[in-house]
Amino acid sequence: MDERPVIGWPAAAVAGIIAAAAALGGGELAAGLAGEQPSLVSAVGTEFIDRYAAALKELAVALFGTNDKPALVVGIVVSSLLLGALLGLAAARRFWLGAVGFAAFGLVGAGAYGRDPLGSTSAGLVIAAVAVVAGIATLRLLLQLARRPGAETAPVLDGVPVADGVAVGGDIAIAPLADIDDPRHPPRRAFLAGAALLGAGAASAAIIGRQVRPAASTDSARLRAALPPPATPVALAPEGFSVAGLSPYITPNTDFYRIDTALTIPRIDPATWTLDISGLVDRPYTLSYDELLAMDAVAETVTLQCVSNEVGGNLVGNAVWQGVPLADLLQRARPHATATQIVGRSIDRFSAGFPAELIDGERVALVAYAMNGEPLPARHGFPARLVVAGLYGYVSATKWLSQIELTTWEAFDGYWISRGWAKDGPIKTASRIDVPRSGATIAAGPTPIAGVAWAPTRGISLVEVRIDDGAWQPCRLGDTASDNTWLQWLYEWDAPAGDHLLTVRATDGDGQVQTGDIASPAPDGATGWHSRRVHVQP
Ligand SMILES: Nc1nc2c(c(=O)[nH]1)N[C@H]1C(S)=C(S)[C@@H](COP(=O)(O)O)O[C@H]1N2
Ligand SMILES: [Mo]
């Protein structure tokens, strides 16, 4: 005769789930209290992104659009809770199994933390330890509460509990679900109350952990940052066509698309931030935020686009960027003639490289610290980022910039290059219909067709619209600050009743007509004409 605790498997699983929640909650709280440290979940997510970014970027963008980050966090939390359930089942048989499991996941978390450029290794160890202790303690408590009242342990004979429940395996005694309602045993009020209480505690810990996070220190430094006036006057933003639904010429910061691998937006203190200029140069140097702001600055309107943008997509925006010309910053370091690649690196391990010959003094290329007249928003790279006209963001627009390294074209591949994207990333000529909306029903008669078109550095010379299989009709073009930006286009259509397919194409400043060949974003940018179907009522 042998004595084993009998714990229903639902109770064991619930205990494991609540224990995992307690571990996550404890980790969040510890990370929040630890100061400007990413949360454990975020560190695991960052590691996940860096490992699986190549597959993830397409998959995640396809599945979740730009909501890929919340989706990843939800995925990590749900997987953790499921693992918790398994550990709960294991712990009901042998408690040490569950405890070892929690410790192992703590180590995985601490490891991810150590590799997360935003987190410190020692902080990660402490945070992971708090999470593990919270998880194991919760598990222990709940499993104790889950034991049958009055039958703390059930006698087991030859592996079969005689008094209680049914043995599932030879040496385990797990009661089936129905057994919970066994009238011989009152409902486990203590267990349910304990689970509810600890679950609520875990959730509160997570919420408090998020609240106490001192994100405010960077944000207030950002708001205090006094922008020097640019040496050159800002080119006035053109008035633009007033058509409801048409993208404004300048994209407001709050509407500007955001794409990056950062699960936690880096919060950088400008007082300690530095920018290194190094590599194949005679005089490497380091610049502080104040020194950068003290240099002669320019303000340039530049359209930025993500290579992942689909035809007709919205991963593109136009802003006035203020900053110091990259050419000036490089000159000061005396670059070697052998330098053929300029690599920007961020504090979060991202990197992007482009040909050094592009920085010829003609092309607009800046280390930008302001966007549309305000210090760079944190999500767009505060305190400084690169902006190079005419290049997709993934090869040029490094946010949270920490280093500019001159090297050779062959010596280094940026973040997305080693993940299968093209090494050269010039922005392709593109045009988009903003209005009417796809599938819109409109009344017959005069109706505007309008949108934006861009071919940064080359400019746009012509935009044409085609109705169904008709002839290409030239559109009115809005003014631009320079060839580095998109422009608005407008076609005043006298819409006849029926279903119609509207198509747009642009011609760049060199006279090249935008190709109608359909290509997906990978590996070097989508092509094809944007079309919209509309229904016109008589
Ligand atoms: N540090 C960092 N910078 C980055 C990225 C990144 O993942 N990390 N993504 C790049 C990509 S792919 C694009 S398209 C642009 C987007 O800039 P935005 O988010 O300000 O629009 O940032 C670039 N700079
Ligand atoms: Mo991008």
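Please read these numbers as outputs of a predicted model, since none were measured by experiment. Whatever order the structure lists ligands and atoms in, that order sets their numbers, starting from 1.
Take Glu405 and apply the salt bridge (charged side-chain N to carboxylate O under 4.0 Å, His left out) test, not counting sequence neighbours, and it matches Arg345.
Of all the listed residues (Tyr392, Phe350, Trp416), Phe350 holds the heavy atom that lies closest to atom 5 (C) of ligand 1. Counting only non-hydrogen atoms, the option in Leu386, Ile259, Thr251 that gets closest to atom 16 (C) of ligand 1 is Ile259. Of the listed options Gly344, Gly393, Gly414, Gly393 places a heavy atom closest to atom 11 (C) of ligand 1.
Using a 4.5 Å cut-off on side-chain heavy atoms (C-beta onward), Asp255 and Pro252 make contact.
Under 4.0 Å from ligand 1, the heavy atoms of Ser346 that appear belong solely to its side chain. The side chain of Phe256, and not its backbone, has at least one atom closer than 4.0 Å to an atom of ligand 1 (non-hydrogen atoms only; side chain from C-beta on). Of all the heavy atoms of Val307, none lies under 4.0 Å from any atom of ligand 1, so neither backbone nor side chain is involved. At a heavy-atom cutoff of 4.0 Å, ligand 1 is contacted by no atom of Leu315, backbone or side chain.
Close contacts between ligand 1 and Asp348 involve ligand atoms 1 (N) [criterion: under 4.0 Å to a heavy atom]. Of all the atoms in ligand 1, the ones that sit under 4.0 Å from a non-hydrogen atom of Thr398 are 3 (N), 24 (N). Within ligand 1, the atoms closer than 4.0 Å to a non-hydrogen atom of Tyr394 are 11 (C), 12 (S), numbered from 1 in the order shown. Every atom of ligand 1 with a heavy atom of Cys306 under 4.0 Å away is listed here by number and element: 14 (S). Every atom of ligand 1 is numbered from 1 in the order shown, and the set under 4.0 Å from a heavy atom of Leu304 is 17 (O).
For the pair Ala262 and ligand 1, no heavy-atom separation below 4.0 Å is found.
Of the N or O atoms in Arg258, none lie within a sub-3.5 Å distance of an N or O in ligand 1. Looking at Arg379 next to ligand 1, no N or O pair under 3.5 Å apart turns up. Below 3.5 Å of separation, one finds an N or O of Ala397 facing an N or O of ligand 1. Any N or O atom pair closer than 3.5 Å counts here, and Lys399 shares at least one such pair with ligand 1. For the pair Arg385 and ligand 1, the shortest N or O to N or O distance falls below 3.5 Å.
Between Arg458 and Asp483, no side-chain nitrogen of the basic residue sits less than 4.0 Å from a carboxylate oxygen of the acidic one, so the salt-bridge criterion is not met. Under a 4.0 Å N-O distance rule, the pair Asp260/Arg379 does not qualify as a salt bridge.
Between the side chain of Trp529 and the main chain of Val504, no donor-acceptor pair closer than 3.5 Å is present. Remark: side-chain polar atoms of Arg532 are paired, donor with acceptor, to backbone N or O of Asp434 under 3.5 angstrom. Side chain of Tyr257 to main chain of Cys306: a donor-acceptor pair is present (N/O by atom type, distance under 3.5 Å, no hydrogens or angles).
Ser247 and Gln488 share no side-chain donor-acceptor pair at under 3.5 Å. In the model, Thr485 has a side-chain atom that pairs as donor or acceptor with a side-chain atom of Tyr249 under 3.5 Å. Arg349 and Thr46 share no donor-acceptor pair across their side chains, judged by distance under 3.5 Å alone. Counting only N and O atoms by type, the side chains of Thr527 and Asp517 include no donor and acceptor under 3.5 Å apart.
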